[in-house]
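Notes to accompany the following structure.
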Amino acid sequence: MIRKLDSVLLAQNKFIYNYKNMRWAKGRNETYLCFVVKRRLGPDSLSFDFGHLHNRTGCHAELLFLSYLGALCPGLWGCADDRNRRLSYSVTWFCSWSPCANCATTLTRFLRQTPNLRLRIFVSRLYFCDLEGSPHVEGLRDPRRAGVQVKVMSYKDYFYCWQTFVAHRLSRFKAWEGLHTNYVLCQEN
DNA sequence: ATTTTCAAT
């Protein structure tokens, strides 16, 4: 069983504040990304690592994650086994904002060149997708065309994140008001 | 009706 120190877990209030899927998320000037890395061995996949990060100035969370990928997934590149095959990984991430157009393009290009990496994206809120003609709607469409599963987080996803990434102690995830309604609204985009 | 967003100060 994977066991990590509390310091790598998110504080409860930080999780709630950043992932709350309210329609106008005032003051959420950061983006958090919680991730699970699994190594795929034939039909089985084993949990390999997990954690979270947030953007730094000038680097969106998604691209920051990509910069850590080599360390998170040893053998993803190069030939890692005696039969000259690369190792396969699957990554699931939960992002507080959906990817912007630029990140989506970079991500899509990256994944096309890395077929041994499978990615699933869950997003809590849609980044600038309300505006008419928003280029960031591509943040949802572009990766999908490359075979990435992109979904809006629902109650069960928040629940899972709470259990997996948050220092919850013994407290159970408690849904905020409007969670489900906001989820439904987001999902329609 | 309007509010908000991977800051800028």
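The chains referred to below are lettered A, B, ... by the order of the sequence lines, with proteins before strands, and numbering in each begins at 1.
When side chains are defined from C-beta on, A:Leu33 counts as touching A:Phe35, because their heavy atoms get closer than 4.5 Å. Contact of the A:Phe48 side chain with the A:Val36 side chain is not registered, since no non-hydrogen atoms from C-beta on lie closer than 4.5 Å.
In this structure, A:Arg118 forms no cation-pi arrangement with A:Tyr89, as its terminal cationic atom is not both closer than 6.0 Å to the ring centre and no more than 45° off the ring axis.
In this structure, the aromatic ring of A:Phe128 is positioned over the six-membered ring of the base of B:dT5, centres within 5.5 Å and planes within 30°.
Residue A:Asn182 contributes atom CG, which lies 12 Å from atom C1' of B:dT4 at whole-angstrom precision. Computed from coordinates, the A:His60 NE2 to B:dA7 C1' distance equals 10 Å when rounded to whole Å. When rounded to the nearest whole Å, the span between CG of A:Leu63 and P of B:dC6 equals 15 Å. A:Asp130 places its CG atom 14 Å from the P atom of B:dT2, with the value rounded to the nearest Å. Taking atom CG on A:Asn18 and atom P on B:dT4, their separation rounds to 18 Å, with Å as the unit. When the C1' atom of B:dT2 is taken as reference, atom NZ of A:Lys26 falls 11 Å away, rounded to whole Å. In this structure, A:His136 atom NE2 and B:dT5 atom C1' are separated by 9 Å, rounded to whole Å. Note: NE2 (A:His54) to P (B:dT5) measures 18 Å, nearest angstrom.
If you check every strand for non-hydrogen atoms under 4.0 Å, A:Leu126 touches a base. At the heavy-atom level, A:Ser98 lies under 4.0 Å from base atoms of the strands shown. Across all strands shown, A:Ala61 has heavy atoms under 4.0 Å from base atoms, whether or not it also approaches the sugar-phosphate. The residue A:Arg23 sits close to a base: some heavy atom pair falls under 4.0 Å.
Remark: side-chain polar atoms of A:Asn18 are not paired, donor with acceptor, to backbone N or O of A:Phe15 under 3.5 angstrom.
At least one side-chain nitrogen or oxygen of A:Asn55 sits closer than 4.0 Å to the OP1 or OP2 atom of B:dA7. Distances shown here put a side-chain N or O of A:Tyr127 below 4.0 Å from the OP1 or OP2 atom of B:dC6.
As rounded to the nearest Å, B:dT2 and B:dC6 have P atoms that lie 22 Å from one another.
Of all non-hydrogen atoms in A:Gly139 and A:Ala104, the two that sit nearest each other are CA-CB, 3.5 Å.
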